[in-house]
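Have a look at the structure below before the remarks.
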Amino acid sequence: HVNIASVNYHFRSKNDLYKAVIDMLMCQKTQMPIPTEKENPEQFTLKFVQTIIGAIGNGEDPLMRIFANEQIAPTGILVESFRANVFEKHQCMTSFFAKSFSVSIEKANIIVFSIIGSVLHFIRSRDLVRMSMPDFYDGERLSQKAIDVLTHEITRNAISSLKECGGDRE
């Protein structure tokens, strides 16, 4: 049992409690890789896709449920937490992509968010995916085959997009 008075005293408001939970989950789940200067861009892209698939998992993760709720009824707290816990790594990663593929920071950001969006789409659309590709699921969870295929295809699409935009620094 939880002493509600203690929770109220410590966090002062429901929003402060919500922010503390998001911050904790964000730190646990977003161990984004940071590229080294000499890292192979294609291998780093694969590592990033694997990290996102691992963080998002099968949609059962509490952070993903919060993320889905924030899409429906935004509070701004998720954005605050992203800024505090992930933004510096995100900037480092997009700079690496921009430099490695000779694209603008804006285009590198679009690709990074496209990777995240692609993974989220498969997770959030599980009923449609299960109906059209039943072997992508092992019970309620994505099968290892699905994870392997998604990792390969999302990485391939991201690298292709980055290469296609290469030299275009608008």
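Predicted model only: the values in this text are computed from it and were never measured. As a basis for the values below, the full set of heavy atoms in this structure was taken, side chains included, without hydrogen atoms, waters or symmetry mates.
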Please identify which of these residues, Val49, Leu150, Ile115, meets the side-chain contact (heavy atoms from CB on, under 4.5 Å) condition with Thr155. Val49
With a cut-off of 6.0 Å (strictly less than), are more than 12 heavy atoms of other residues, nucleotides or ligands near CZ of Arg156? yes
Nearest 0.5 angstrom please: Asn8 CG to Lys14 NZ, how far? 11.0 Å
Within a strict 4.5 Å, meaning less than it, do heavy atoms of the Leu128 and Met131 side chains meet? yes
Within this structure, what is the CD1-CZ distance for the pair Ile147 and Phe136, rounded to the nearest 0.5 Å? 10.5 Å
When hydrophobic residues are tied together by side-chain contacts of less than 4.5 Å, even through go-betweens, does Ile34 share a cluster with Leu162? no
If you measure from CG on Leu46 to OG1 on Thr51, what distance do you get to the nearest 0.5 Å? 9.0 Å
Polar side chain donor-acceptor pair, His10 to Asp16, under 3.5 angstrom: no
For residues Ala108 and Ala98, report the shortest heavy-atom separation together with the two atoms involved. CB-N, 3.9 Å
Apply side chain to side chain contact (heavy atoms under 4.5 Å, CB included) to Phe97 and Ile111, showing your working. CA-CA 9 Å; Phe97 282 139; Ile111 299 303; 5.8 Å; no
Answer yes or no: is there a donor N or O on one side and an acceptor on the other, between the side chain of Ser143 and the main chain of Asp135, under 3.5 Å? yes
Residues 75-82, side-chain donor-acceptor partners within the protein, below 3.5 Å, at least two apart:
residue: Thr75; atom: OG1; partner: Glu70; partner atom: OE1; Å: 3.3
residue: Thr75; atom: OG1; partner: Glu70; partner atom: OE2; Å: 2.7
residue: Thr75; atom: OG1; partner: Ile77; partner atom: N; Å: 3.1
residue: Ser81; atom: OG; partner: Asp23; partner atom: OD1; Å: 2.6
residue: Ser81; atom: OG; partner: Asn85; partner atom: ND2; Å: 2.9

Cys165 versus Phe101: any side-chain heavy-atom pair under 4.5 Å? no
Spell out, yes or no, whether Val103 and Ile110 are grouped together once hydrophobic residues are joined by side-chain heavy atoms under 4.5 Å, including indirect joins. no
Flag for Glu153-Asn157: side-chain donor and acceptor within less than 3.5 Å: no
Hits for salt bridge (charged side-chain N to carboxylate O under 4.0 Å, His left out) against Arg130, two or more places apart or cross-chain, chain-then-number order -> Asp127, Glu140
Between His90 and Phe113, how do the two ring planes meet: parallel, tilted or perpendicular, split at 30° and 60°? tilted
Heavy atoms of other groups near Glu39 CD, more than 12 under 6.0 Å: yes
Taking only residues two or more places apart in sequence or in another chain, which ones pass salt bridge (charged side-chain N to carboxylate O under 4.0 Å, His left out) with Glu42? Lys163
Is the backbone of Gln91 close enough, under 3.5 Å, to the side chain of Thr94 for a donor and an acceptor to pair up by distance? yes
